[in-house]
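Read through the structure below, which is laid out as structure tokens, and then see the notes.
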Amino acid sequence: MNDFKDPEESNTHLPDQKELEKEIGDYLTRKYGQKVKIISAGLLPHPDTDGNKETTKKATDLPFDFNLKPEELVAFLDEYIIRQRKAKDVLATKICTHFNKIRFSAKREHPFRTPVGSIKNNILLIGPTGVGKTYMVKLIADKIGVPFVKGDATKFSETGYVGGDVDDLVRDLVRQADDDIGKAQFGIVYVDEIDKIARASNRQGLDVSRSGVQRALLKLMEETEVDMKVPHDMISQIEAMEQFRASGKREKKTINTKNILFIMSGAFDGLDEIIHNRLHQKTIGFEGEFASSKKSKDILKKVASEDLISFGFESEFIGRLPITSVLESLSKDDLVAIMKNPNCAIINSKKQDFVVYGIKLIFEESVYTRIAELAVAENTGARGLVSVVESILLPFEKALPSTDIQYFVVDESVVADPEGQLQKIVDHQGERLRHQKKYSRLFEKEKKRVVRFLKDKKSDFFKRFNIPFSAERRALIAQHIIEENSEPDQVCEYFVSLINHVRGWQEILSKHCQLHIVFDDRAVDYMLDQKPCQPATIDSLCESILSSIEYGAKLLVQKKHAQTIVVSEDGVRDPQKFINELVETSFKL
């Protein structure tokens, strides 16, 4: 007789997984001691027919709304970058074309594939240190809203021996995109000091590695799949293990570099000599003209692919960089113009360093020339401005926070004798009062300069939103820019959002009062001038206006000709008086 019973028909309790594991574990322990242990099956992945399936995350559409045109991007760069007209034109045009081509392809009705041999607009920037190469590319990436990563070519100069993997640049891009591969595959990779991986003709050994780095970058610059998991990255290995334990699937995450834009840059010391020799040789001969042995300062602008190959780059590598732009060295006057620009990060950052201690700092315009002269001597471009400003103001930044000083003017006496002027301002109350009075005068002068900047650079921006940009409004925004040490572009965008918030309240008031209610420009500016300058302040004012005029407005509805109420600045200041006078005047008619 068969003793087997169907489990569903038996009343016998069957052990669950944990109980079964415990019984087996106890048996093994009794028989073999601690030499054998059971590993819970719950920790292991369940078999799956797709367990080794590789998946690649791809995006079919742009993860951002790109609709910029080259001239718009050039205008944006003009607000921040002094000179470099050619470089700005090249970068803005080719970057706009790159992303517009992607957008165009993504929205095409017919899914034709990209033509074989399609050329990507990778860019090579040539110029001395401190002329704004990195700053320009970072500005563009921020403006467009794409992930951006910067790497130094020297980091990879020993690839294959002790250095890094060039693919790490793309992996870093994914991390900058918060691990969103779909967004990262439309990012910008910027590699500085690319001239350091050029192979020197008179060297051996290390140059083998440099050529190897060039060849490794070739694949990235065109199109390849980069594996997100690498043996030397413990984090990615742990993440892969956790994913495998949870799902039982080995998911191979990769990112395609087809739409990633690569921008390389370097100082290229010695390239001018190569260009000079090439041009000089072409003019020697019976029928040629003798060329001067003196090198022109603009000789880099005549760079050709053969010069870069002679410098030590593989021809295939240069072929992946079809766009070349040369940046100009900065003169003393250029450095002065940089400091006078309201977007100058050096000056604004230094003001913020002091304002955190409750000290308002301002620069006298005449000191910019002296600071520029000292920076030129360092021969590091705009970077020299940072070191000069820091060396002058460091004693003040250390000592003034321990005093009750609230105003500090950086004038010529401060630049000429920092330690002596620090002692004066700390010891003498009269010197403090002098700084306070001078600050007020310089504030008004700086305000006028910012107003001119806004009129020249931001008028079209406000026109785009159909917002009047009067002199009074420019002055209001300029004051906010100086007081908050903020970039004009950010402040203007913020004020546009506040004005649109006021427009939203016009609709609310019109609906409640059953009349068309609008605020005139002076009324809007009055609301924008309130402290703190934020939507909540506008909400409080408009709520007060609504409660004050709602009843009077309903009385005006009885007058058929009263269809629109224009609220003036006085109406915002005292809405009850404003509506009473309006009702009284209306009913007298």
Side-chain angles (χ1 to χ4, degrees), residues 65 67 72 447 450-452 454-481 483-484 486 488-589:
D65 184 22
N67 55 7
E72 294 172 347
K447 183 176 174 181
V450 176
V451 166
R452 290 195 299 270
L454 292 172
K455 183 178 180 180
D456 294 339
K457 304 294 185 182
K458 306 305 297 184
S459 293
D460 289 342
F461 174 78
F462 280 86
K463 188 176 181 180
R464 192 187 316 156
F465 292 96
N466 195 27
I467 294 176
F469 200 40
S470 63
E472 292 78 11
R473 184 161 291 170
R474 291 195 293 270
L476 176 63
I477 294 174
Q479 179 154 336
H480 194 87
I481 289 170
E483 290 177 344
E484 300 296 330
S486 301
D489 194 59
Q490 294 179 350
V491 174
C492 287
E493 288 180 357
Y494 183 65
F495 268 71
V496 166
S497 69
L498 291 179
I499 292 171
N500 285 330
H501 194 70
V502 173
R503 289 175 171 177
W505 267 105
Q506 288 179 165
E507 296 179 6
I508 294 173
L509 292 169
S510 298
K511 182 178 179 181
H512 276 272
C513 298
Q514 299 177 357
L515 286 171
H516 183 218
I517 296 178
V518 296
F519 296 101
D520 66 20
D521 289 340
R522 293 181 65 87
V524 174
D525 289 346
Y526 174 79
M527 286 190 273
L528 298 178
D529 197 26
Q530 301 306 299
K531 306 296 182 187
C533 183
Q534 58 188 25
T537 304
I538 294 173
D539 293 341
S540 179
L541 284 170
C542 290
E543 287 168 0
S544 175
I545 292 169
L546 176 60
S547 63
S548 298
I549 72 171
E550 188 172 12
Y551 177 74
K554 290 179 179 179
L555 294 177
L556 292 175
V557 172
Q558 300 175 17
K559 287 287 192 178
K560 301 298 182 182
H561 63 274
Q563 298 179 349
T564 300
I565 295 178
V566 179
V567 182
S568 64
E569 180 182 345
D570 290 337
V572 177
R573 290 175 181 272
D574 190 348
Q576 189 64 61
K577 180 181 179 182
F578 171 78
I579 194 65
N580 288 343
E581 291 177 350
L582 199 60
V583 169
E584 183 179 351
T585 302
S586 179
F587 276 87
K588 282 182 179 179
L589 296 177

Practice item. Could you give me the CA-CA distance, side-chain angles and deciding distance for Leu582 and Thr585, then say whether side-chain contact (heavy atoms from CB on, under 4.5 Å) is met? Key: CA-CA 5 Å; Leu582 199 60; Thr585 302; 5.7 Å; no

**Study point:** CA sep, side-chain torsions, deciding dist, call: Leu556, Ile579, side-chain contact (heavy atoms from CB on, under 4.5 Å)
**Key:** CA-CA 10 Å; Leu556 292 175; Ile579 194 65; 4.1 Å; yes

Check your understanding: Leu541 and Gln530: side-chain contact (heavy atoms from CB on, under 4.5 Å), yes or no, with the steps?
Key -> CA-CA 10 Å; Leu541 284 170; Gln530 301 306 299; 3.9 Å; yes

Exercise for review: List the steps and the verdict of side-chain contact (heavy atoms from CB on, under 4.5 Å) for Asp539 and Trp505.
Suggested key: CA-CA 8 Å; Asp539 293 341; Trp505 267 105; 2.8 Å; yes

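A donor-acceptor pair under 3.5 Å is formed between the side chain of Ser547 and the backbone N or O of Ser544. Between the Thr537 side chain and the Pro532 main chain, a donor and an acceptor come within less than 3.5 Å of each other. Side chain of Ser497 to main chain of Tyr494: a donor-acceptor pair is present (N/O by atom type, distance under 3.5 Å, no hydrogens or angles). Put simply, the side chain of Ser510 gets close to the backbone of Leu515: a donor and an acceptor are under 3.5 Å apart.
Applying the ring-ring contact (aromatic ring centres under 6.0 Å, His included) test to Phe495 and every residue at least two apart in sequence or in another chain returns His480.
Atom OH of residue Tyr526 and atom OG of residue Ser568 lie 11.5 Å apart, to the nearest 0.5 angstrom. Put simply, NE2 on His516 and CD on Glu507 are 8.5 Å apart, with the number rounded to the nearest 0.5 Å. Between the CD1 atom in Ile549 and the SG atom in Cys513 there is a gap of 4.5 Å [rounded to 0.5 Å]. Here the straight-line distance linking atom OG of Ser459 with atom CZ of Arg474 works out to 6.0 Å at 0.5 Å rounding. The line from CG of Asn500 to CD1 of Ile467 is 5.0 Å long, rounded to the nearest 0.5 Å. Considering CG of Leu476 and CD1 of Ile481, their distance stands at 10.0 Å, rounded to 0.5 Å.
Looking only at side-chain heavy atoms (C-beta outward), Leu454 and Phe469 come within less than 4.5 Å of each other. Contact of the Val572 side chain with the Phe578 side chain is not registered, since no non-hydrogen atoms from C-beta on lie closer than 4.5 Å. Side-chain contact between Ile499 and Arg473 is present, with heavy atoms from C-beta onward closer than 4.5 Å. Phe465 places none of its side-chain heavy atoms less than 4.5 Å from the side chain of Glu493. Between Leu509 and Val567 the shortest side-chain heavy-atom distance does not fall below 4.5 Å. Here the side chains of Leu498 and Cys533 are in contact, with some heavy-atom distance below 4.5 Å. Counting only heavy atoms from C-beta outward, the side chains of Leu546 and Glu543 never approach each other to under 4.5 Å. Considering only heavy atoms from C-beta on, Phe519 comes within 4.5 Å of Gln506 through its side chain.
In this structure, Val583 and Gly552 approach most closely via the heavy-atom pair CG2-O, 3.6 Å. Between Ala478 and Val450, the shortest heavy-atom contact is CB-CG1, 3.7 Å.
A salt bridge does not link Arg464 to Glu72: none of the charged side-chain nitrogens sits closer than 4.0 Å to a carboxylate oxygen. Here Glu569 pairs with Arg573 in a salt bridge; the nearest charged N to carboxylate O distance falls below 4.0 Å.
Counting non-hydrogen atoms of neighbouring residues, nucleotides and ligands closer than 6.0 angstrom, the CZ atom of Arg522 reaches no more than 12 such neighbours.
Side-chain contact annotation: Asn580 with Glu584, donor-acceptor N/O pair under 3.5 Å absent. Using modelled atom types, one finds a donor on one side chain and an acceptor on the other under 3.5 Å when comparing Lys447 with Gln479.
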